[in-house]
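To find a chain, count down the sequence lines: A is the first, B the second, and so on, and within it residues start at 1. As a basis for the values below, the full set of heavy atoms in this structure was taken, side chains included, without hydrogen atoms, waters or symmetry mates.
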There are 2 protein chains.
Amino acid sequence: MTSLTFNRIPKCHFRGISLPDGEPLQCPQCIANKLNYCGAMDLELGTRLQAIVTRIRFERGRTLFTQEDSADYVFALAAGVVSCSHYMADGRRQIMGFLFPGDYVGMATGERYSYSGEAVTAGEMCRFSRGPFNKLLMKFCDFEKHFFQEVSNELAEAQKHVLILGRKDAMERVASFLLMLDERENRYGAHDNIELPMMRAEIADYLGLAIETVSRMFTKLRNRRIIAAPDAHLVRILDPGGLRAIASE
Amino acid sequence: MTSLTFNRIPKCHFRGISLPDGEPLQCPQCIANKLNYCGAMDLELGTRLQAIVTRIRFERGRTLFTQEDSADYVFALAAGVVSCSHYMADGRRQIMGFLFPGDYVGMATGERYSYSGEAVTAGEMCRFSRGPFNKLLMKFCDFEKHFFQEVSNELAEAQKHVLILGRKDAMERVASFLLMLDERENRYGAHDNIELPMMRAEIADYLGLAIETVSRMFTKLRNRRIIAAPDAHLVRILDPGGLRAIASE
DNA sequence: CGACAGCTTGATCGATCTCAAGCACGGTGG
DNA sequence: CCACCGTGCTTGAGATCGATCAAGCTGTCG
């Protein structure tokens, strides 16, 4: 069966991801997932996208694009996790968000990306030249309506982020962060553990805290039996209600 | 002359705004300002918008919509300044942004507004039922492309906000805030003073600070001759370079 | 086995919040 | 006209949360 399916690409193992050798992941599939309103067009759209895509594998730590780069490409993440960080002149970093498989970046941007994309884990992404990509989607789909929705979602997330950073204390921030990851995983089916693909430093720079503070909050949550954490990158929520209360949404 | 012009509505006097009695401001004009790509259609679009608009005047302090309200309306601000605040259960407030004449709200939202709109000054806004408004614009204009741009801008602003809240100290936050207001006024022509229509409490809740801290930072900037402040709601930037350095963009 | 990176924990420091007081201004009523 | 009051702003003093500095712990890799 060669027709594109609308299943999400398999939930990736964020850490120690093992990509199939040789045969790259089907990028158009993740595009199609996001564009699934396209209906009957998919197969041809997929083929056309295949024709203009560049697939790029990367290792943890690799910088995929920087905030100074001219925004010539649109990226779709096929596997792995990527952070979007803004660096200040003196080196301070604010992580704006994390990209997970199926996420885009580079659509809603001006002349330049305003943040840098860095690989939190190994992974693979699909790169499209902005022009042809836009033209193609515009031609095939009711393009803007769809991406309007996408950007709206991103905006809502940014506003949640503003609330966390502006008015929540350290405990509330960490709790909110865990709930966000939990909700994300819930969207793709039941799960018992939350996987934390990122390091403490990345959580800290997302939450506007110091590494040590993040660590202390995890410890506190563990001691209070709100969560269990078999290792630093795995969390099981023992008391969802308690966690939600702590996050004080 | 009845044809719509593309001039911005007159720069409003934020505080002590005096609205012409009887004859309401021409709302479709502010819509048209934002939609000026519509070109030849404007006149008819304006007329149709006239037909579905409800104009609402409001005094300082009035709540225009709340975060619990079902998002049935799109608003366009014709005059005055409005804050968009998210309230937490215990009363903490985070101001997500301020609306100025010509700004919209309610386009990029889900089922409900996720924040409340409150009048920072007296003003006037135009209210459209979401359905007819969308239909109308969709019919007349290359609607989504335009609003995609709008939401993208909003997203960029939210991300700037995230950076301010996540990684800047009190001094940098206040400096950044003043620069934002300055840039906004610059877009509409030269000016010598920045008007601060909002109170210290609102600046504080936008910047994630306490009122007292905001006040102290103003004092510090004044003492260092970076700004002059004839009164609490007027600021003149004496040393733009210095202010930019302090904001450490 | 040693070196290193990432995480945790402890002790101290400091920026910002909180609490409290005083000031400036505008509106109101005697 | 002026005393009074309320609101918003500023300033000061002390408390607090989270940052910073420093050390130790754990697991991985060569």
Side-chain angles (χ1 to χ4, degrees), chain A residues 14-16 59-61 83 88 90-94 118 120-122 164-177 196-224 227-235 246 248, chain B residues 14-16 59-61 83 88 90-94 118 120-122 164-175 177 196-223 227-235 246 248:
Chain A
F14 299 125
R15 300 193 78 77
E59 293 310 307
R60 150 143 200 108
S83 69
M88 294 171 67
D90 61 4
R92 275 175 286 177
R93 176 176 70 164
Q94 175 63 46
E118 291 157 358
V120 167
T121 66
I164 288 175
L165 296 176
R167 284 299 177 216
K168 292 194 181 181
D169 66 24
M171 195 70 241
E172 293 171 325
R173 292 185 199 194
V174 171
S176 301
F177 180 72
L196 302 178
M198 63 292 285
M199 302 189 310
R200 293 294 183 266
E202 289 157 338
I203 299 176
D205 284 342
Y206 179 79
L207 294 177
L209 297 172
I211 298 176
E212 296 92 326
T213 306
V214 173
S215 182
R216 281 184 242 274
M217 297 305 134
F218 272 98
T219 303
K220 226 182 221 171
L221 286 171
R222 233 185 301 111
N223 292 342
R224 289 167 63 180
I227 63 169
D231 78 79
H233 295 281
L234 225 49
V235 165
I246 289 170
S248 54
Chain B
F14 299 126
R15 301 194 76 78
E59 294 309 309
R60 152 144 198 105
S83 68
M88 293 171 67
D90 61 5
R92 275 176 286 178
R93 175 176 70 163
Q94 174 63 46
E118 291 157 358
V120 167
T121 67
I164 287 174
L165 297 175
R167 285 299 177 215
K168 292 194 181 181
D169 65 24
M171 195 71 239
E172 293 172 324
R173 292 186 200 193
V174 171
F177 181 72
L196 302 179
M198 62 293 286
M199 303 189 309
R200 293 293 182 267
E202 289 157 337
I203 298 176
D205 284 342
Y206 179 77
L207 295 177
L209 297 172
I211 298 176
E212 295 93 327
T213 305
V214 173
S215 182
R216 282 183 242 272
M217 297 305 133
F218 272 100
T219 303
K220 224 181 224 173
L221 285 171
R222 232 185 301 110
N223 292 342
I227 63 169
D231 79 77
H233 295 281
L234 224 50
V235 165
I246 290 171
S248 54

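- The nearest whole Å value for the distance from the NZ atom in A/Lys168 to the P atom in C/dT16 is 22 Å.
- When the nucleotides D/dC9, C/dT8, D/dT20 are ranked by their closest atom to the side chain of A/Ala210, D/dT20 comes out on top.
- For A/Met171 and D/dT16, the CE to C1' distance is 17 Å, given to the nearest whole Å.
- Between A/Asp169 atom CG and D/dA19 atom C1' the separation is 15 Å, expressed in whole Å.
- With rounding to the nearest 0.5 Å, the separation of CG in A/Asp169 from CE in A/Met217 is 7.5 Å.
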- Output, in order, the C-alpha distance, side-chain angles, deciding distance and verdict of side-chain contact (heavy atoms from CB on, under 4.5 Å) for A/Phe177 and A/Leu209. CA-CA 12 Å; A/Phe177 180 72; A/Leu209 297 172; over 6 Å; no
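- Distance CD (B/Glu172) to C1' (C/dA15): 12 Å, rounded to an integer number of Å.
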- Message: Between B/Arg93 and B/Glu118, is the salt bridge (Lys or Arg N to Asp or Glu O under 4.0 Å) condition met? List the steps.
- Response: CA-CA 12 Å; B/Arg93 175 176 70 163; B/Glu118 291 157 358; 3.6 Å; yes
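- At a cut-off of 3.5 Å, with distance as the only test, a side-chain donor of A/Lys168 or A/Ser176 sits close to an acceptor on the other residue.
- Picking from D/dC9, D/dA19, C/dC7 the nucleotide with the shortest atom distance to the side chain of B/His233 gives D/dC9.
- Judged by distance alone, the side chains of A/Ser248 and A/Glu172 do bring a donor and an acceptor atom under 3.5 Å apart.
- Rounded to whole Å, atom P of C/dG6 lies 16 Å from atom CG of A/Leu196.
- Comparing atom distances between the B/Glu212 side chain and each of C/dT9, C/dT16, D/dT11 picks out D/dT11 as nearest.
- The distance from atom CZ of A/Arg173 to atom P of D/dC17 is 14 Å, rounded to the nearest whole Å.
- The nearest heavy atom of DNA chain D to B/Ala232 and to A/Ala170 marks one nucleotide each, and the one closer to the 5' end goes with B/Ala232.
- In this structure, the side chains of B/Leu165 and B/Arg173 come closer than 4.5 Å at one or more pairs of heavy atoms.
- What separates CD1 of B/Ile211 from P of D/dT7 is a distance of 13 Å, to the nearest Å.
- Of the residues in residues 213-224 of chain A, those lying under 4.0 Å from DNA chain C by heavy-atom distance are A/Ser215, A/Arg216, A/Thr219, A/Arg222.
- Distance from the side chain of B/Met199 is smallest for D/dG8 among the nucleotides C/dC7, D/dG8, D/dG18.
- Computed from coordinates, the A/Arg200 CZ to D/dT26 P distance equals 16 Å when rounded to whole Å.
- Between A/Val120 and A/Arg60 the shortest side-chain heavy-atom distance falls below 4.5 Å.
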